[in-house]
J.: 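If you scroll down you'll find the structure; I have some questions about it.
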Amino acid sequence: MTGGRSLILAAWLGIFIYGYLNAMLGIVLPNLMEKLHLDKAQAATFFMLTSLGLLVAAVPSGPVMDAFGTKLVVCLGLFLVASAFWGLGSARSKKTLYMLSFVLGLGGSMVVAGENTAMSLVNSGQREVAANLLNLFFGVGAFVAPFVVMPVLKKGGFSGVLRASSVLTALVLCLHLALAFPPGSAQGFPLARAGALLGEPKLLLLMFLVFLYVGTEFSFWSWTVTFFTMQRGYAQKSASRMISTFALAMIAGRWATQWTLAAFGPETLLTISAVGSVACLAGMYTLRNRPLVALCTLAAGWFMAAIFPTALGLAGSFFPSLVGSAISLVTTGGWLGAITLPPAVGYVAERRGVSRGVLVPVGSALLMVLPPILLHMIR
């Protein structure tokens, strides 16, 4: 099967799976902790190993895509995600849990890098807009997750949720296997050229921005339900709906970048987004009035929406001959954030309480203001 529309649909579904994955793991975390008798620090280790898998797969994915095309990386990633989901549904020990969390991260990293690279190659004239529309489906997946997970959790239990997720991912994999993807953009295997990108100030700033952003966002997905159930007395269902509120705002924000990018330009939009993000996250985790908390959650999703995809779009625009490598290196920065900040929330929460732990992503959001300002100065 060929055609740009089919490829776009497949990429949307691939990112949908990744968004669903992130939200679903946060929703079922209390069930996972109960089933395997995990404390908060052990739960943090689970997320840390997932993030380690994201990191390990990111760097080699770029040169492979530039040399051989994106299909191999994306399809392998979806296969690993489907396999990890199925295995997690049957996990009986912490050792198995940790191994599968690492595999889940490997697959997720390949899916994110591969789908974003494919879209950048087929939309070279509007990379930032295309990246935002693609990653809009991350929000769709996260929004849908509570409505899928909670009914399945009641009927099929924890294992039923994971196995149903595996089947869903396998169906998306089958669609990808039937499609033709863009060929590699580089001559030969461009490992040395990819490494040279690390000397580029623009790329380093994008990596740092995405480091902060992904760490902040992963902390939200991982700990928000736990925070509001343990510290604010929310029912699990109500706390899970906050995930959907955030995701719904993220969907709207990424859809709106078709116009906001044209109005402000990428660097200014990134600055506005960072300032709004820190204000809204601070309100969400410190206020106690439920309507105000819901409003802050909604606004946080809106402001954070454009940061990750716009950064990936800029990476493709800055380095068009090594799109896969540039995007993979920027996402590597993100996975470094994912492996650092959500576990930090868990370790602080174990020692000082969850209410102190969630201040970690508020601080990282504050630092997100710096990279787009510096990027605007040197561009």
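Just so we're clear, the structure is a prediction, and the values are computed from it rather than from any experiment.
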J.: Please examine the side chains of Phe16 and Leu21, heavy atoms only from C-beta on, and report whether any two atoms are closer than 4.5 Å.
T.: no
J.: Can you check whether Val362 reaches Met284 side chain to side chain, under 4.5 Å on heavy atoms?
T.: no
J.: Where is the tightest heavy-atom contact between Leu281 and Ala300, given as atom of each residue plus distance?
T.: CD2-CB, 4.2 Å
J.: Would you check if the side chain of His176 reaches a backbone N or O of Ala10 as a donor-acceptor pair within less than 3.5 Å?
T.: yes
J.: Any side-chain heavy atom of Glu115 within less than 4.5 Å of one from Leu134?
T.: yes
J.: Does the Arg127 side chain pair with the main chain of Ser120, one donor and one acceptor, at a distance under 3.5 Å?
T.: yes
J.: Checking the side chain of Lys202 only, and the main-chain atoms of Phe318 only, is there a donor and an acceptor separated by less than 3.5 Å?
T.: no
J.: Got Val358 and Val354 here, is their nearest side-chain heavy-atom distance under 4.5 Å?
T.: yes
J.: Shared ILVMFWY cluster between Leu298 and Ile251, side chains joined below 4.5 angstrom?
T.: no
J.: Would you say Phe79 has more than 12 foreign heavy atoms packed within less than 6.0 Å of its CZ?
T.: no
J.: Show the nearest heavy-atom pair for residues Pro342 and Gly337, with the distance to one decimal.
T.: CD-O, 3.6 Å
J.: If you group Ile, Leu, Val, Met, Phe, Trp and Tyr by side-chain heavy-atom gaps below 4.5 Å, do Ile17 and Val167 land in one group?
T.: no
J.: Does Arg352, at its CZ atom, have more than 12 non-hydrogen atoms belonging to other residues, nucleotides or ligands within less than 6.0 Å?
T.: no
J.: Would you compute the distance between atom OG of Ser273 and atom CH2 of Trp302 and round it to the nearest 0.5 angstrom?
T.: 9.5 Å
J.: For residues Trp335 and Leu52, determine if any side-chain heavy atom of one lies less than 4.5 Å from a side-chain heavy atom of the other.
T.: no
J.: Go through the steps for Phe208 and Met368 under the test side-chain contact (heavy atoms from CB on, under 4.5 Å), then give the verdict.
T.: CA-CA 8 Å; Phe208 183 52; Met368 284 195 298; over 6 Å; no
J.: How close do Asn135 and Arg254 get, heavy atom to heavy atom, and via which atoms?
T.: O-NH1, 2.5 Å
J.: Give me the atom names and distance for the closest heavy-atom approach of Ser325 to Asp66.
T.: OG-OD2, 2.6 Å
J.: Between the side chains of Ser317 and Glu128, does any donor sit under 3.5 Å from an acceptor?
T.: yes
J.: Do Thr331 side-chain atoms and Ser328 backbone N/O form a donor-acceptor pair below 3.5 Å?
T.: yes
J.: For the residue pair Phe228 and Tyr234, is the inter-centroid distance of their aromatic rings smaller than 6.0 Å?
T.: yes
J.: Measuring from atom CG of Leu292 to atom CG of Leu287, what distance do you get when rounded to the nearest 0.5 angstrom?
T.: 6.0 Å
J.: For Thr226, does its backbone N or O pair with a side-chain atom of Thr229 as donor and acceptor, under 3.5 Å?
T.: yes
J.: Heavy atoms only: give me the nearest Ser61-Met110 pair and the separation to one decimal.
T.: OG-CG, 4.0 Å
J.: Is there a path of hydrophobic side-chain contacts, each under 4.5 Å between heavy atoms, that joins Leu97 and Trp86?
T.: no
J.: Given side-chain contact (heavy atoms from CB on, under 4.5 Å), test Leu359 with Val348 step by step and report yes or no.
T.: CA-CA 9 Å; Leu359 295 180; Val348 173; over 6 Å; no
J.: Would you check if there is a donor-acceptor pair between the side chains of Thr297 and Thr245 at a distance under 3.5 Å?
T.: no
J.: Are the side chain of Ser166 and the backbone N or O of Leu162 linked by a donor-acceptor pair below 3.5 Å?
T.: no
J.: Can you list the steps and then say if Thr332 with Leu55 is a side-chain contact (heavy atoms from CB on, under 4.5 Å)?
T.: CA-CA 6 Å; Thr332 298; Leu55 178 62; 3.4 Å; yes
J.: Quick check on ring pair (Phe, Tyr, Trp, His ring centres under 6.0 Å): which of Trp12, Phe246, Trp221 does Phe138 satisfy it with?
T.: Trp221
J.: Supply the atom-to-atom distance Leu206 CG to Phe308 CZ, rounded to the nearest 0.5 angstrom.
T.: 11.5 Å
J.: Which pair of non-hydrogen atoms, one from Val172 and one from Gly14, has the smallest distance, and what is that distance?
T.: CG1-N, 4.0 Å
J.: Hey, are the side chains of Asn132 and Leu261 touching, using non-hydrogen atoms and a 4.5 Å cut-off?
T.: yes
J.: If you define the side chain from C-beta out and look only at heavy atoms, does anything of Phe85 sit under 4.5 Å from Leu104?
T.: yes
J.: Quick check for you: to the nearest 0.5 Å, what is the distance between Glu200 atom CD and Ile378 atom CD1?
T.: 9.5 Å
J.: Any luck finding a side-chain donor-acceptor pair between Thr96 and Ser93 under 3.5 Å?
T.: yes
J.: Nearest 0.5 angstrom please: Phe46 CZ to Leu100 CG, how far?
T.: 9.0 Å
J.: Any heavy-atom pair between the side chains of Leu270 and Leu314 that's under 4.5 Å?
T.: yes
J.: Examine Val275 and Leu295 and state if one hydrophobic cluster contains both, with Ile, Leu, Val, Met, Phe, Trp and Tyr joined whenever side-chain heavy atoms are less than 4.5 Å apart.
T.: no
J.: Would you kindly say whether Ser165 and Tyr20 are connected by a side-chain donor-acceptor distance under 3.5 Å?
T.: yes
J.: Can Tyr285 and Thr224 be counted as having a side-chain donor-acceptor contact under 3.5 angstrom?
T.: yes
J.: Run the numbers on Phe264 and Trp259 for side-chain contact (heavy atoms from CB on, under 4.5 Å), then give the verdict.
T.: CA-CA 9 Å; Phe264 298 110; Trp259 301 282; over 6 Å; no
J.: With rounding to the nearest 0.5 angstrom, report the CG to CG distance, Leu171 to Leu13.
T.: 10.0 Å
J.: Give me the one residue out of Pro361, Pro343, Ser364 that meets side-chain contact (heavy atoms from CB on, under 4.5 Å) with Ser219.
T.: Pro361
